[in-house]
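Within every chain, numbering begins at 1; the chains are lettered A, B, ... in the order of the sequence lines, protein sequences first and strands thereafter.
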Protein chains: 2
Amino acid sequence: MSDSSTFETDKSLACYNIAAVERDTGLSKDTLRVWERRYGFPNPVRDQHDERLYTLPQLEKLRLLRLLIDHGHRPSKIINCSTPELAQLISANSPEQAAPPEIEAIIQLLLSHDIEAFRTTLMQSLMRQGLLQFVTHTVSALNYWIGEAWLSGRIAIFDEHLYSEHLQNILRNAILSEPGRGSAPRVLLTSLPGEKHRIGLLMVEAVLATEGAACVALGAETPAIDIKHAVPAYAVDIVALSFSSAIPQAAALAGLAELRTLIPHNTEIWGGGGALARVRKAADGVLLLRSLDDMRYALQRWRVEHLQPDGQRKTPH
Amino acid sequence: MSDSSTFETDKSLACYNIAAVERDTGLSKDTLRVWERRYGFPNPVRDQHDERLYTLPQLEKLRLLRLLIDHGHRPSKIINCSTPELAQLISANSPEQAAPPEIEAIIQLLLSHDIEAFRTTLMQSLMRQGLLQFVTHTVSALNYWIGEAWLSGRIAIFDEHLYSEHLQNILRNAILSEPGRGSAPRVLLTSLPGEKHRIGLLMVEAVLATEGAACVALGAETPAIDIKHAVPAYAVDIVALSFSSAIPQAAALAGLAELRTLIPHNTEIWGGGGALARVRKAADGVLLLRSLDDMRYALQRWRVEHLQPDGQRKTPH
DNA sequence: GTCACTCATTTGTCGTGGACAAAAAAGGTT
DNA sequence: AACCTTTTTTGTCCACGACAAATGAGTGAC
């Protein structure tokens with residue numbers, strides 16, 4: 001029902017209703033209204049029906065605020081800064097130390113907008129190192145430093161989108177051409193609703209592919225109930241979930257605990273990713289993986305427990 | 001702040017707060033509250049602070065309701081049906097005619113959960129037809145019939161997720177191995193916030209690849225302002241946007257009109273996808289593409305207008 | 001019969017303001 | 001520095017009224 005999300009006034013100044021601002025900034029309607037009540041910003045004009053109409057400059061300031069808040073600033077401290085002041089705060093956010101030279105070189109290529117050179121450099125890095133090394137070293141470092149560069153305003157969102165797309169191309173291509181496919185265990189790989197990052201999932205899938213495990217990849221954001229139904233349908237041994245650091249730690253743990261109540265206990269649950277990196281203990285029957293190497297050990301452990309020396313299952317499911 | 005989204009009561013019956021239900025059903029909090037007020041369902045218990053706690057059966061019924069409403073049923077007519085009655089309504093939703101045999105065969109493979117056979121069959125279909133034919137015929141038919149099968153309850157959501165993932169693998173791999181890359185025009189390809197479907201974008205990218213156009217693929221859900229900034233950065237000639245039929249038609253048109261006000265008029269805007277298939281006219285300066293073939297003609301037209309016979313630009317940007 | 005138009009009903013979103021849980025910061029102790 | 005407690009900040013939840021947008025039914029023209 002949010003069709004006419006933008007209006008065109010006489011002066012051709014586009015105005016956004018509250019639903020459009022929520023979509024474009026990620027700030028909930030409740031938050032937008034309570035900021036207006038408390039801090040006086042944003043202070044949108046009203047249409048003839050007393051509904052809020054935000055201007056483009058307001059929307060741009062809100063996006064800067066969101067970025068700074070995600071980086072640790074408090075709303076009340078920065079909400080009355082001007083847009084240029086906010087931009088300055090963002091650029092002041094330079095990381096403590098510089099990225100390693102080979103990572104920095106790739107970021108520079110991304111900044112140069114030379115797509116071809118960017119793609120071929122990544123491909124060469126993959127060829128030189130092999131898939132496993134490429135994923136566990138180069139890609140994880142790239143993710144970290146590109147995130148930093150985004151927070152410090154060095155690279156734009158669309159550059160990050162482009163990075164994500166091309167890395168997906170490369171990883172999916174590499175996974176497809178990995179020779180061994182489909183021996184035990186069978187791993188269902190996905191994330192819960194709210195976790196949109198796909199690169200982490202693809203990195204896991206790549207490691208599983210190099211280890212020769214059968215991967216049932218469902219992409220991102222599968223509701224827990226659907227995972228429950230998929231487990232018997234695909235006869236999986238393990239459900240692996242990825243939680244990026246964009247997810248609050250407590251939400252990740254709650255999701256794992258909920259899933260544990262839904263699926264049978266002879267199916268293992270593995271959780272990993274940035275959100276869980278500093279967690280000590282999760283729910284009973286949930287295995288925390290703090291790195292991709294951790295997962296390779298867990299895979300070995302599973303095979304020792306469940307497979308005979310000839311590779312056959314001890315108890316076929 | 002929605003960390004403890006699920007609770008565990010004495011009877012180990014998981015309960016969901018309103019934020020978790022919104023995430024898992026796609027129904028907004030406002031809608032959930034107004035249904036309760038008007039129709040008496042869902043009727044969640046309250047915790048000690050008078051906040052709603054939904055049960056798993058309620059959540060499952062809400063998901064069925066959502067599915068039926070998306071398929072044209074009215075909330076007031078079905079909201080007081082029991083869960084089995086709703087399930088029956090869904091299975092009664094059989095499509096008028098059967099899918100073509102080669103499509104039906106692929107759907108059967110998806111239903112059989114034999115991932116390997118599913119993948120190889122798709123690959124063979126691609127090899128036999130070539131990328132262009134595969135995309136314009138097989139993939140578009142598959143999208144339609146899998147959507148139908150989902151609405152009629154024949155296939156589960158996780159099956160559709162798996163289909164989407166594997167098709168992405170195959171299409172991205174095919175695009176990567178398409179020989180000619182990077183001649184004019186340069187096309188920026190993405191979708192606006194709210195449009196999450198990636199398959200449509202990849203289909204467009206595949207057609208552009210076979211036609212030898214340079215594609216700047218940003219993935220799904222790029223806010224309009226970011227598209228505005230990406231246009232000069234990547235020096236694109238055309239911005240192509242995809243709108244699946246999950247998006248209301250009016251919202252798609254509003255998005256296109258907004259974008260038209262943001263980016264310079266010597267950059268063309270093309271819009272396509274299910275949401276726009278039955279539209280007559282969009283905003284001035286926006287080209288509607290009703291099929292992938294339409295886009296090929298538009299590409300030809302652009303080249304005639306902007307390129308000299310030797311392939312050089314008439315007016316380099 | 002189909003198209004276009006108007007009118008009635010249904011349905012989801014928006015408004016207000018108060019309350020308070022959860023997260024973060026500040027203060028105090030070992 | 002690590003840990004617990006208190007205070008402050010911050011976002012979410014509540015109720016219920018209003019009404020715009022979407023849908024369906026009714027009417028008339030071609």
J.: Return a table of donor-acceptor pairs under 3.5 angstrom between the side chains of residues 75-83 of chain B and protein atoms on other chains or two or more places apart.
T.:
residue: B:Ser82; atom: OG; partner: B:Glu85; partner atom: N; Å: 3.4
residue: B:Ser82; atom: OG; partner: B:Glu85; partner atom: OE1; Å: 3.4

J.: Any donor-acceptor pair, under 3.5 Å, between the side chain of A:Arg33 and the base of D:dG11, if you only look at N and O atoms?
T.: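 Side chain to base: no pair present.
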
J.: Is a donor-acceptor contact shorter than 3.5 angstrom present between the side chain of A:Arg37 and the base of C:dG17?
T.: yes

J.: Please check the phosphate of C:dT13 (OP1 and OP2 only) for any side-chain N or O of A:Lys29 closer than 4.0 Å.
T.: no

J.: Return the value, rounded to whole Å, for the distance between atom CD1 of A:Ile247 and atom P of C:dA23.
T.: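 Rounding to the nearest Å, CD1 of A:Ile247 and P of C:dA23 are 14 Å apart.
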
J.: More than 12 non-hydrogen atoms from neighbouring residues, nucleotides or ligands closer than 6.0 Å to NE2 on A:His197, yes or no?
T.: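 Result for NE2/A:His197: open.
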
J.: Within the pair A:Ser28 and D:dG11, is there a side-chain N or O less than 4.0 Å away from OP1 or OP2?
T.: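 For D:dG11, neither OP1 nor OP2 has a side-chain N or O of A:Ser28 closer than 4.0 Å.
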
J.: Provide, to the nearest angstrom, the distance between the CG atom belonging to B:Asp30 and the P atom belonging to D:dC14.
T.: 11 Å

J.: Look at the side-chain N and O atoms of A:Trp35 and state whether any lies under 4.0 Å from the OP1 or OP2 oxygen of D:dG11.
T.: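 For D:dG11, OP1/OP2 do have a side-chain N/O of A:Trp35 under 4.0 Å.
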
J.: Between A:Gly72 and B:Pro75, just flag the one whose closest nucleotide in DNA chain C comes earlier from the 5' side.
T.: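 Of the two residues, B:Pro75 wins.
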
J.: How many Å lie between CG on A:Asp50 and C1' on C:dC14, as a whole number?
T.: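 Nearest whole value for this atom pair: 10 Å.
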
J.: What I want to check is whether an N or O donor and acceptor connect the side chain of A:Arg38 with the base of D:dG11 at under 3.5 Å.
T.: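 Such a pair is found, so the answer is yes.
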
J.: May I have the distance from A:Arg74 (atom CZ) to D:dT10 (atom C1'), rounded to whole angstrom?
T.: 7 Å

J.: Rounding to a whole Å, what distance do you find between A:Ile69:CD1 and C:dA25:P?
T.: 12 Å

J.: Under 4.0 Å from OP1 or OP2 of C:dT11: is there any side-chain N or O of B:Ser76 that close?
T.: yes

J.: Looking at C:dT10, D:dT12, C:dG15, which one has an atom nearest to any side-chain atom of A:Arg46?
T.: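 Nearest nucleotide to the side chain: C:dG15.
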
J.: Compute whether any side-chain donor of one residue and acceptor of the other, for B:Glu258 and A:Tyr16, lie under 3.5 angstrom apart.
T.: yes

J.: Rounded to the Å, how far apart are B:Asn17 CG and D:dC14 C1'?
T.: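 B:Asn17 atom CG is separated from D:dC14 atom C1' by 14 Å.
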
J.: Please report, rounded to the nearest Å, how far the C1' atom of D:dT12 is from the CZ atom of B:Arg52.
T.: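 In whole Å, D:dT12 C1' and B:Arg52 CZ are 13 Å from each other.
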
J.: Between A:Glu36 and B:Glu51, which is nearer to the 5' end of DNA chain C once each is assigned its nearest nucleotide?
T.: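 It is A:Glu36, whose closest nucleotide lies nearer the 5' terminus.
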
J.: Using a 4.5 Å cut-off on heavy atoms from C-beta on, say whether the side chain of A:Leu292 contacts that of A:Ser140.
T.: no

J.: Just to confirm, is there a sub-4.0 Å distance from OP1 or OP2 of C:dT10 to any side-chain nitrogen or oxygen of B:Tyr39?
T.: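 No, no such contact exists.
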
J.: Between B:Gln249 (CD) and D:dA22 (P), how many Å, whole number?
T.: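 From B:Gln249 CD to D:dA22 P: 10 Å.
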
J.: Using OP1 and OP2 only, check whether a side-chain N or O of A:His49 sits under 4.0 Å from D:dC19.
T.: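 No.
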
J.: Evaluate the criterion salt bridge (charged side-chain N to carboxylate O under 4.0 Å, His left out) for residue pair B:Glu36 and B:Arg46; output intermediate values, then yes/no.
T.: CA-CA 13 Å; B:Glu36 185 179 341; B:Arg46 304 301 181 105; 3.3 Å; yes

